[in-house]
Amino acid sequence: MKKLILLSTLIIFACQKPTKISNDEVMESFEAFFDTLDNDIDSLGSMVTDDFFIFENSRRYTKKEFIAFVKSFDIINSKRKFEDVTIDSDYNSAHISLKQFGVFIINTPEGKVRLEFEWLESTYAVKIGDKLKFKFYFSEAIKTNSTNLDSDQSKS
């Protein structure tokens with residue numbers, strides 16, 4: 001009887017079709033990635049694979065190098081908007097391509113600066129256990145603007 005129950009259980013699980021990663025799951029992971037990037041950069045390691053790398057500013061950064069790069073800015077405020085998001089996924093991975101718009105207020109030795117960016121981006125995430133983790137990120141700025149908020153005009 002035990003063998004019959006065990007065999008039945010194995011057949012049920014073996015016949016179950018794996019489910020494709022949903023767009024909602026991909027977007028939840030993607031938004032969590034940027035929430036972590038903007039609010040808790042030291043926790044980025046939990047969102048990415050051990051061999052994660054990002055290509056940004058025409059440079060390849062390892063996870064450790066990228067965290068140090070982000071920490072080098074004194075960011076006061078950040079706002080991001082994503083457009084033209086395209087998701088391709090299967091049972092084990094997902095690819096996202098998009099346009100991102102970002103506005104950042106940062107402290108610099110010259111005072112507060114507003115940085116505005118438009119990026120073309122692409123990322124690849126893999127399923128590890130029950131979580132999507134980012135393995136690769138590509139980001140290329142196609143438009144940038146910088147405004148000194150502490151200029152002589154704004155002080156008068």
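Positions are given from 1, in the same order as the sequence printed here.
Between the side chain of Asp35 and the backbone N or O of Glu31 there is no donor-acceptor pair closer than 3.5 Å. Using modelled atom types, no side-chain atom of Lys99 and backbone atom of Lys81 make a donor-acceptor pair closer than 3.5 Å. For the pair Asp150 (side chain) and Lys112 (backbone), a donor-acceptor distance under 3.5 Å is present.
In this structure the side chain of Phe82 reaches within 4.5 angstrom of the side chain of Phe34, judged on heavy atoms. Here the side chains of Lys135 and Asp51 are in contact, with some heavy-atom distance below 4.5 Å. The side-chain heavy atoms of Val85 and Phe30, taken from C-beta on, include no pair separated by under 4.5 Å. Two residues are said to be in side-chain contact when any heavy atoms from C-beta on lie closer than 4.5 Å; Leu132 and Val26 meet this criterion. Within the 4.5 Å cutoff, the side chain of Ser93 has heavy atoms near those of the Tyr124 side chain. Considering only heavy atoms from C-beta on, Met47 stays 4.5 Å or farther from Lys133 through its side chain. In this structure, Ile106 and Asp74 have side chains that are not in contact, with every pair of non-hydrogen atoms separated by 4.5 Å or more. Taking 4.5 Å as the limit, some side-chain heavy atom of Thr147 sits within range of a side-chain heavy atom of Asn145.
With a 6.0 Å radius and a threshold of 12 heavy atoms from other residues, nucleotides or ligands, Asp50 has its CG atom at or below the threshold.
In this structure, Val103 shares a hydrophobic cluster with no other residue, the cluster being traced through Ile, Leu, Val, Met, Phe, Trp and Tyr side chains under 4.5 angstrom apart. The hydrophobic cluster containing Ile142, built from Ile/Leu/Val/Met/Phe/Trp/Tyr side-chain heavy atoms closer than 4.5 Å, also comprises Leu120.
Here the CD1 atom belonging to Ile87 is positioned 10.5 Å from the CD1 atom belonging to Ile21, to the nearest 0.5 angstrom. Once rounded to the nearest 0.5 Å, the distance linking CG of Asp84 with OG of Ser97 reads 9.0 Å. Of the inter-residue distances, the one linking Ser46 atom OG with Phe33 atom CZ reads 10.5 Å to the nearest 0.5 angstrom. Here the OG1-CZ distance, from Thr123 to Phe136, works out to 8.0 Å after rounding to the nearest 0.5 Å. Once rounded to the nearest 0.5 Å, the distance linking CD1 of Ile105 with NZ of Lys79 reads 8.0 Å. The structure places CG of Leu98 at 8.0 Å from OG of Ser122, a figure rounded to the nearest 0.5 Å.
Hydrophobic clustering, with ILVMFWY side chains joined whenever heavy atoms are under 4.5 angstrom apart, groups Leu115 together with Ile75. Note on Leu37 and Ile67: same hydrophobic cluster, where clusters join Ile, Leu, Val, Met, Phe, Trp and Tyr whose side-chain heavy atoms are under 4.5 Å apart, directly or indirectly.
Between Lys20 and Asp90 there is no salt bridge, since none of the side-chain N atoms of the basic residue sits less than 4.0 Å from a carboxylate O of the acidic one. One finds a salt bridge joining Arg80 and Asp38 here, because a Lys/Arg side-chain nitrogen approaches an Asp/Glu carboxylate oxygen to under 4.0 Å. Between Glu65 and Lys63, no side-chain nitrogen of the basic residue sits less than 4.0 Å from a carboxylate oxygen of the acidic one, so the salt-bridge criterion is not met.
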Point to revise | side-chain contact (heavy atoms from CB on, under 4.5 Å) between Phe104 and Ile76, worked out | key: CA-CA 7 Å; Phe104 304 88; Ile76 301 168; over 6 Å; no

Point to revise | Derivation of the side-chain contact (heavy atoms from CB on, under 4.5 Å) call for Lys131 and Ser29 | key: CA-CA 8 Å; Lys131 185 175 181 181; Ser29 296; 5.8 Å; no

Check your understanding: Taking it one step at a time, do His95 and Ser89 satisfy side-chain hydrogen bond (donor to acceptor under 3.5 Å, both in side chains)?
Key -> CA-CA 6 Å; His95 176 265; Ser89 63; over 6 Å; no

**Study point:** Criterion side-chain contact (heavy atoms from CB on, under 4.5 Å) on Asn107 and Phe73, from CA distance to verdict
**Key:** CA-CA 8 Å; Asn107 280 320; Phe73 296 97; over 6 Å; no

Exercise for review: Go through the steps for Glu121 and Tyr137 under the test side-chain hydrogen bond (donor to acceptor under 3.5 Å, both in side chains), then give the verdict.
Suggested key: CA-CA 7 Å; Glu121 299 187 328; Tyr137 207 102; 2.6 Å; yes

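Below 30°, between 30° and 60°, or above 60°: for Trp119 and Phe117 the angle between ring planes is below 30°, a parallel geometry.
Paired with Tyr61 under the rule ring-ring contact (aromatic ring centres under 6.0 Å, His included), one option of Phe69, Phe52, Phe53 passes, and it is Phe69.
Taking each heavy atom of Leu44 and Phe66 in turn, the nearest pair found is CD2-CD2, 4.0 Å.
Residues passing the side chain to side chain donor-acceptor pair (under 3.5 Å) test with Glu25 are Lys127, sequence neighbours excluded.
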